[in-house]
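Numbered from 1 within each chain, the chains take letters A, B, ... in sequence-line order.
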Amino acid sequence: MNYDFKNTELKWQQKWEDAGVFHAVDGSEKKKFYALVEFPYPSGAGMHVGHIKAYSGLEVVSRKRRMEGYNVLFPIGFDAYGLPTENYAIKTGIHPRKVTDMNIEKFSSQLKRVGFSFDWNRVIDTTEEGYYKWTQWIFLKMFENGLAFRDKTLVNYCPSCKVVLSNEDSQGGKCDICHSDIVQKSKDVWYLRITKYADKLLEGLDTVDYLPNVRLQQENWIGKSTGAFVNFSVKDTDETLRIYTTRPDTLFGVTFMVMAPEHPMLDKYKEKIANFAEVEAYRTECAKKTEFERTQLVKEKTGVKLSGFSAINPVNGKEIPIFISDYVMMGYGTGAIMAVPAHDQRDFEFATKFGVDIIEVIKGGDISKEAYAGDGEMVNSDFLNGFTDKKSSIAKMLEVLEAKGIGEAGVQYKMKDWAFNRQRYWGEPIPIVHCEKCGMVAVPYEELPLRLPTVENFEPGTDGESPLAKIEEYVNCTCPKCGGKAKRETDTMPQWAGSSWYFLRYIDPKNDKCFADKDKLAYWGQVDWYNGGMEHVTRHMIYSRFWHKFLYDLGEVPFDEPYAKRTAQGLILGPDGDKMSKSKGNVVDPNDVVDIYGADVLRSYVLFMGDYEKAAPWSQNSLKGCKRFIDRVWNLQEIVTEGDGYSKKLETSFHKTIKKVSEDIENLKYNTAIAALMTLINEIYDAGSVTKAELKTFITLLNPFAPHVTEEINEAQGFGGMLANGEWPTFDEAKCVDDEIEIAVQVNGKIKARIMVATEISQEDAVAKAKENEDVKAAIDGKAVIKELYVKGRLVNIVVK
RNA sequence: GCCGGUGUGGUGGAAUGGUAGACACAGGAGACUUAAAAUCUCCCGGUAGCAAUACCGUACCGGUUCGAGUCCGGUCACCGGCACCA
């Protein structure tokens, strides 16, 4: 009997849709479960099997939860704003709207062919007016609350093309298009003040259940450091040069200071700095370097010593020189550092090259060779000498410094404010108007959405302007405040905007009064389980946690953390072991697999191929193993016999398998769950027959993995109903153990025999029985028994001498 | 450089400190077939042996333990994240 997967799969997909079995019910009496997968970016290339793996994990969990009686929300949508679509539009002249619709169409059909149990009534598209209206709304709330602001930054700029370039497009300091030298140009950009939420984002990690690795990456990204701010006075001025340090214990070792070349104090004192021309030359040199180049470690230190401009070390009143160097960044700390060459390798390299003194203040290293960054006894440090252990006494040390007015405790974060604009067409318009009189004015809420105008030409403008800047009827407007002439902001939001709150919209996707109804938000609450790629755990997840916490502070959402639990799947590599990519030509299209083997085989294979959290190469051969398995499941119908309950032979195996599959699904161990079902089917075939009740249990356990074939068997056998609405099997812990088991017998830890014993055998009986074995007898013959151990259900170990 | 993770057959991978290699792929032998595919049966870490069996074996070196793939210390390799972060 051949299994016709093609027609069967289509048939059940239709039946599920007709019956609406996967629709989440708002406010249902049942317990709720919200499973979230990262919504895809609908690219022209279509989906690859990696997407299928990413969704299959929670697909299995969702199907199991429904059978366990939960009201499950398992939605899908499309994160459709972004560069690839825009670039495709520029190349082909097809409007991004049209391209996006086509791609969404393609992705949807691919997803539907796999039979995912998504709630298709709640699909969202971030580029739809009804959606981005609320993205703009949240932005305006941030603007209103001072979290969205404009500031200057340095960008890679090509003076010839008059275009702002990304780091990727300006490698080696040359423009990718015209190959002329790139310069760093100061530009006004939008920022979201995510740094204000740094501590909340960090503390929130204690209240959620993320994979350890996910948590760690977020902590590193936020990069909190504790230390001190210290004020150095500048000689012959009233100026204070403020620095941040994590090592206030080394203050007596400070022999010079370094300022970032962009430090604003330099311009303020250009009259006083005797060699300002040299400073300017160095700055020009630095401006040519891209951020990428500047952060390369392996280059030699460069810099300029300021003449006529020096500082006073506040701990000992000594005069010390000030340098400028590009190893100090304007973007971290205060843009200036105290240099301690004896105990910081970078300062050491600089001091060695420029011939500055190196003073040891912590014993333990050899400062003639390299800087010593470890702990040790403090020396040459006058009133700080008593503080021997830097970790426990740093707080007390700060008290002393504070009392003397030298500095105070401080905190710094590596995380920077979020640069929130792009000079691109295909993104959410930033709803701000620039008025000559009133400055920046928010577009009134009732005018949202501020629609993205339809244009013919999507090329970015010259001088780093958005394509929108060319559309006069869009740009020119009246100020909502004073009614005078004004110009619209023409930049759009970055790709990360729409995805920062999408999980909230699934809760109430069609609401046009608010982003989501309060009662529905209260009912669905947090996302119970969020799964996605490791590549999104820093930016996307931190950005969305930030937005969510902001909305919580506004009283718009009932929980401060959006995701209760976060896991991540490993990549599917190409058959060659490389990362799948179009350029390498090693991409596997799920449609091809569904055509040849069917959706159930594809679904089973992506979960069976290995540890869900690890990367694994695609293997067309291994796929066949899953095909055989599905066929063998179908063919169980040939050996089905009448009869209720489990047969004597298989009862224990069934209880064990129910337990194993149930637990493995909860622990991302889909591969061993499927393996357990394969083991069970092998046992069934060995037994030669399967009862109806057994078959029903088997197909129910397999249903989350292979829903189509199991529904078909369920129907063919007249079991009634749909498995999608079925009940998850239960097991009896007492029935998970066999009466008799095989245990190993070791002598001095080496296995000598294997014997069958009753499961509940006592230590004495087990040891006695072991000693009856001929091989064991031979091994212990004539030796003194020192110790006898019995590990229940595992082994006997006899230690002899 | 710093912080994580991983290292097991020809391959993907299993193993609460307790029988290493479950499950599957590939390979080999056989059955069925005119033949092939499909299916079914058996074998399948290495060395020696006809075999029973013995010894070796989870990157490498050492330790703890009756017992280590698993725990501890060190080394090497690969992967991921951060990175002149003061």
TODO: Give the B/S/- string for nucleotides 37-46 of chain B, one per nucleotide from 5' to 3', where a protein heavy atom under 4.0 Å of the base yields B, of only the sugar-phosphate yields S, and otherwise -.
DONE: --SS------
Open item on the list: Check this for me: does any side-chain nitrogen of one of A/Arg754 and A/Asp775 sit under 4.0 Å from a carboxylate oxygen of the other?
Closed with: no
Open item on the list: I'd like to know if A/Lys659 pairs up with A/Glu733 as an ion pair, taking the criterion as any Lys NZ or Arg NE/NH1/NH2 lying under 4.0 Å from an Asp or Glu carboxylate oxygen.
Closed with: yes
Open item on the list: Parallel, tilted or perpendicular: which one describes the rings of A/Phe350 and A/Phe256, with boundaries at 30° and 60°?
Closed with: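 A/Phe350 vs A/Phe256 ring planes: parallel.
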Close N/O contacts between protein and nucleotides 4-12 of chain B (under 3.5 Å):
residue : atom : partner  : partner atom : Å
B/G4    : O2'  : A/Asn213 : OD1          : 3.4
B/G12   : O2'  : A/Met609 : O            : 2.4

So which nucleotide from [options] ends up closest to the side chain of [X]?
X	options	result
A/Ala675	B/C23, B/C85, B/A15	B/C23
A/Arg346	B/C23, B/C85, B/A15	B/C85
A/Asn682	B/A15, B/U19, B/C23	B/C23
A/Ala744	B/C84, B/A22, B/U19	B/U19

Could you list all N or O pairs between the protein and nucleotides 62-67 of chain B that sit under 3.5 Å apart?
residue : atom : partner  : partner atom : Å
B/C66   : O2   : A/Asn797 : ND2          : 2.5

Task: Residues in side chain to side chain contact (heavy atoms under 4.5 Å, CB included) contact with A/Thr672, at least two apart in sequence or another chain - done: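 Scan of A/Thr672 (side chain to side chain contact (heavy atoms under 4.5 Å, CB included), adjacent residues dropped) gives A/Lys660, A/Asp664, A/Lys669.
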Task: Over 12 non-hydrogen atoms of neighbours within 6.0 angstrom of NZ in A/Lys353 - done: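 Yes, enclosed.
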TODO: With heavy atoms under 4.0 Å as the rule, sort A/Lys792 into base, sugar-phosphate or nothing.
DONE: nothing
Open item on the list: Please list, in numerical order, the residues of residues 218-230 of chain A that have a heavy atom closer than 4.0 Å to any atom of RNA chain B.
Closed with: A/Trp221, A/Ser225
TODO: For the pair A/Tyr413 and A/Asp199, evaluate side-chain hydrogen bond (donor to acceptor under 3.5 Å, both in side chains) and give the outcome as yes or no after the intermediate values.
DONE: CA-CA 9 Å; A/Tyr413 302 92; A/Asp199 271 320; 2.6 Å; yes
Task: C1' spacing across the pair B/U8 / B/A14, given as an integer number of angstrom - done: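 Looking at atom C1' only, B/U8 and B/A14 are 10 Å apart.
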TODO: Sticking with atom C1', work out how far B/C43 lies from B/G9, rounded to a whole angstrom.
DONE: 15 Å
TODO: Kindly indicate whether the side chain of A/Pro590, heavy atoms from C-beta on, has any atom under 4.5 Å from the side chain of A/Leu602.
DONE: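 The answer is yes, as the side chains (C-beta and beyond) meet within the 4.5 Å cut-off.
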Open item on the list: Under the rule for side-chain hydrogen bond (donor to acceptor under 3.5 Å, both in side chains), what residues qualify as partners of A/Asp209, not counting sequence neighbours?
Closed with: none
Open item on the list: Test your reading of the model: is there a side-chain donor-acceptor pair from A/His343 to the backbone of A/Tyr372, 3.5 Å cut-off?
Closed with: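 Yes; judged by distance alone, with no hydrogens or angles, the pair exists.
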